[in-house]
Amino acid sequence: MPVQVLMPQFGESVVEGTITRWLKSEGDAVDEYEPLVEVNTDKVDTEIPCPVKGRLSQILVDAGNTVLAGTVLAMIAPESESASEMKQVLTSLDNQAATEKMELSADVAPPKKPATQPIGRTSNLGFISPVVSRMAQEYHIDLSRIQGSGLGGRITKNDLMDYLEKHAEGSPISGAIASLPQPAQPTYASPVPGQVLPLTAVRRSIAEHMVFSKRTSPHVTTVMEADLSRVTAHRLANKEPFAREGTSLTYSAYFVAAAAQALKASPIVNSSWVDEAALPGGGIRIHSQINIGLATSLGEGGLIVPVIRAADGLSLLGIARAVNDLSNRARLRQLRPEEVKGGTFTITNHGTSGSLFATPIINQPQCGILGVGMIQKRVVVLTDERGNDSIAIRPMVYLSFTFDHRILDGAIADQFLGKVVELLEHFGP
Amino acid sequence: MSEYDVVVIGAGPAGYVCAIRAAQLGLKTAIVDKEWLGGVCLNVGCIPSKALLKNAEVAHLLRERGKEFGFTFENLNLDYGTAVKRSRQVSDRLVKGVGFLMRKNKVDVFMGAARVTTRDKVTVTDNQGKVTELTVKNIVVATGASTLVPPGWVVDGDKVVTYLEAILQEKLPKSVVIIGAGAIGVEFATIWHSYGVEVTIVEMLPRLVPLEDEEVSAELTKAFGKKKIGVLTGHRVVSVQATADGVEVKVASEQGEKVLQAEQALVAIGFRPNGRGLGLEEVGVKLSERGAVEIDERMATNVPGIWAIGDVTAKLMLAHVGSAQGIVCAENIAGVETITLNYEFMPRATYCQPQVASFGLTEAQAKERGYEIKIGRFPYQANGKALGLGDYTGWVKIISDAKYGEILGAHLIGPEVTELLPELTLAQMMELTPNEIARNVHAHPTLSETLMEAAHAAEGHAVHI
Ligand SMILES: Cc1cc2nc3c(=O)[nH]c(=O)nc-3n(C[C@H](O)[C@H](O)[C@H](O)COP(=O)(O)OP(=O)(O)OC[C@H]3O[C@@H](n4cnc5c(N)ncnc54)[C@H](O)[C@@H]3O)c2cc1C
């Protein structure tokens, strides 16, 4: 029985590959592990070794074609019977998903025509007209999924309209386009230089928020550093007992707790600017609750900010639980709409990616946002009660506080941030 | 008996271009024409009429604007006969050129009337009555169109004429009634009026050049009015009668009937495709009611191996459209890469004074289709080159989709505007927006700057107005 050679999946985000060159021709004798074909993905260029000793009986995907992982590329007539017992052989790079796909097709006779589904185009997109690019942006369309019908394969407006019509599930599209179909989640797997990437809904909404915020509030950032010796010690001592309660005690919990107490001490920071348009004469609304949003990255999916309500009333355990729960469900995209609303202050932990300090953008209509940098052991100079200096190694963190200068003046902002530092440095029962 | 891959019937701009392209693609090709190479366009249409229009322009300048430019004449003598002779020379020269192109591309030429006898046989009967039979794999019908003459009207070729007599006659009447205010009507009105003929133009529809944007019609009506060309729009011609010393044209409007008298009448109300009488129906080719050969976007008829292009398909009766169809047709026959034509966006040029040029949707059409539109305008009065030329009536109007910037159409009236279309049609084809046109630096001073300015205007930042 012939053995199939499949397009492997080269890692999680790489779901397709392009055949660059066949190293063997149909009819050639091939050895096990002998390179059979050169494959190119946006991440790697590699060779696929032959799974069994035998003869290359059929090439099903010609060079230049791009196919999905799991696609049958060729058939090998194995030399020995025992080899043929292996119905399917994947290369060393295979993974679970591809294996499943392969097993599905195990009993199916090899297709005559390539079972390939050439996706989109192998090379770059060519000339994309301004009209097409504007439309693609509006509809969040990954143009590489569209086959062009214009001269030289150019994607025309009509091609885009056809694509939209086919993918819009009945939403009518005429000269003037009325409805906005749900965007297919585009992948930025292979940004080609010179190409215009279509915007995802998330990207677009982030962009709108950021621009809106920068335009709305005069941003000022002030930075202080905090010695986290006590926090670290406390965390070390309490990790176990918290874990027994099913809660993982993260640093975030400490920052939320400190911010909540500092906000309680400086209510003016827990506020929003109110325009004259909304209230005659305008004003500054001091919020009655302290609701702290925690910016959570969703990788390519963008950013989401679940909110811990009435954080000042929660114990460290309560905060840690809320942080755990919300960030887990955020990553699973299971947050309820009300759980991302109503924040009065935001914390962003940019330190997780190594950043020391940053100038975060305010989450409107809040007054401020606290950026937490990477916790680093640093050399610090300590002075004891008697004025003697000594050098010590301490876990340090930079805290960046960006505030709306319409509401706060520098001194007040520093006072607030100083309070956060104080709370962290003196953390403990 | 000869065997061909392609036999083209009709050697107009559709047919001869198709034949050249077919030959270039390696197909053994012949072309048949019963009258002339070059068709209506080169012999009695586009080309000689443009030659006459150049004369008209000069005549107008000398007669009406000599003072303004500082030329005075004792005895200004305008010899229209020489104008016609010049136009014949221009035609002859181009027709010879087509003959040369046929030889160069090894296209066999058969002079005679063609008839399709079976799907793979064409007979050619020359004017001596000799019949040649051609065996062919593909037949391309490119037989053009003829002037539409309503039943009861008698074209005698002397007092009641069509474009054919009008373009060849070396004497001018004192007065003329032109029936039909399409391109041909307004072009002859311009020629004759420039030579001092008293012209009345009658149009059934409510405006001149009725297929153009409404504002273009209004501007042209204004210009004709200034020149004292009689314009009777919304008037239907009831009858055309030759009398002893001229013609009587009876017209009817909402105000009632009246009779116009003139030395000549020109019938220019439209064209009828030459699809009948070629044996096409007998082999099963579908014709429309008007006698147009029905085609798909490949130029194929419903009968495999029989194709049609040009005026006979009644898509857009324009020479360049026929030529474009001819190329697409040959490429489809040869099975090579080709394109699909979008007839809506073909350029349209009318050489009256002021000239009219347009493509795409009119403002009204764009609105009807539900587009939210942006219009960019620019007048020639604010264009230095036009002022220098002393020719500054008219304007440019670019219509684009407000949402994505797609250029939906453009309407130009003014000096040499027929030369300005290609930038716009190329932009439309490549789906550029007014922004790219505005940012494309145009040489100064040129008439084309008006396109840049109109595009700026569409983007909301016109500079010179
Ligand atoms: C006065 C005038 C001015 C014009 N100006 C313009 C202009 O400025 N721009 C523009 O784009 N268009 C213009 N046109 C229109 C243009 O001339 C036509 O659109 C064009 O000629 C159509 O080309 P065609 O090849 O389809 O047909 P034609 O040019 O009509 O050619 C058809 C040919 O087929 C031949 N034929 C017919 N039947 C047979 C048969 N049975 N056997 C053999 N041969 C046959 C005829 O002899 C003729 O030569 C003008 C027309 C006129 C009348």
Side-chain angles (χ1 to χ4, degrees), chain A residues 64 121-165 167-168 170-181 183 194-199 201 204 208, chain B residues 296-298 324 327-328 331-332 336-345 360-376 398-410 423-440 455-456 458-459:
Chain A
R121 338 174 110 221
T122 50
S123 56
N124 68 42
L125 293 169
F127 173 72
I128 295 300
S129 74
V131 168
V132 166
S133 111
R134 284 189 204 180
M135 285 185 71
Q137 271 178 38
E138 168 153 353
Y139 290 92
H140 313 298
I141 287 168
D142 175 5
L143 287 175
S144 66
R145 292 182 186 276
I146 301 179
Q147 208 65 48
S149 72
L151 208 56
R154 184 172 77 81
I155 299 172
T156 64
K157 179 190 154 201
N158 273 342
D159 297 330
L160 204 82
M161 301 276 268
D162 285 350
Y163 178 87
L164 282 175
E165 219 148 356
H167 292 80
S171 81
I173 292 171
S174 65
I177 296 168
S179 66
L180 200 142
Q195 180 190 7
V196 176
L197 292 176
L199 294 178
R204 173 179 299 271
E208 278 166 5
Chain B
D296 63 15
E297 79 284 345
R298 295 156 52 238
I327 288 175
V328 170
E331 288 171 343
N332 278 314
V336 299
E337 191 193 1
T338 190
I339 54 160
T340 302
L341 296 175
N342 187 347
Y343 297 106
E344 206 148 54
F345 290 103
L361 306 181
T362 63
E363 183 179 341
Q365 286 168 337
K367 283 181 178 155
E368 250 165 52
R369 305 242 178 127
Y371 283 104
E372 197 195 309
I373 57 171
K374 263 206 277 193
I375 296 182
I398 300 176
I399 301 173
S400 59
D401 171 24
K403 218 164 161 198
Y404 304 117
E406 183 186 14
I407 297 172
L408 300 172
E423 175 180 0
L424 295 171
T425 51
L426 182 64
Q428 190 280 327
M429 187 170 96
M430 296 315 285
E431 291 169 348
L432 304 182
T433 70
N435 189 35
E436 286 75 36
I437 296 175
R439 303 294 175 175
N440 179 25
H456 268 303
E459 296 290 298

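Throughout, a chain's letter reflects where its sequence line sits, starting with A, and its residues are numbered from 1.
In plain terms, the two heavy atoms of A/P130 and B/M430 that are nearest each other are CD-O, 4.3 Å. Nearest heavy atom pair, residue A/V131 against residue B/T433, reads CG2-CG2, 3.9 Å.
Note that the CE atom of A/M135 and the NZ atom of B/K403 stand 8.0 Å from one another [nearest 0.5 Å].
You'll find the side chain of A/K157 stays beyond 4.5 Å of the side chain of B/Y404, heavy atoms only.
Looking at A/S133, there are no atoms closer than 4.5 Å to chain B (heavy atoms on both sides), in backbone or side chain. Contact annotation for B/I339: only side-chain heavy atoms (C-beta onward) come within less than 4.5 Å of a heavy atom of chain A.
Across B/E406, B/E337, B/E431, B/M429, the residue that shares the most heavy-atom pairs under 4.5 angstrom with chain A is B/E431.
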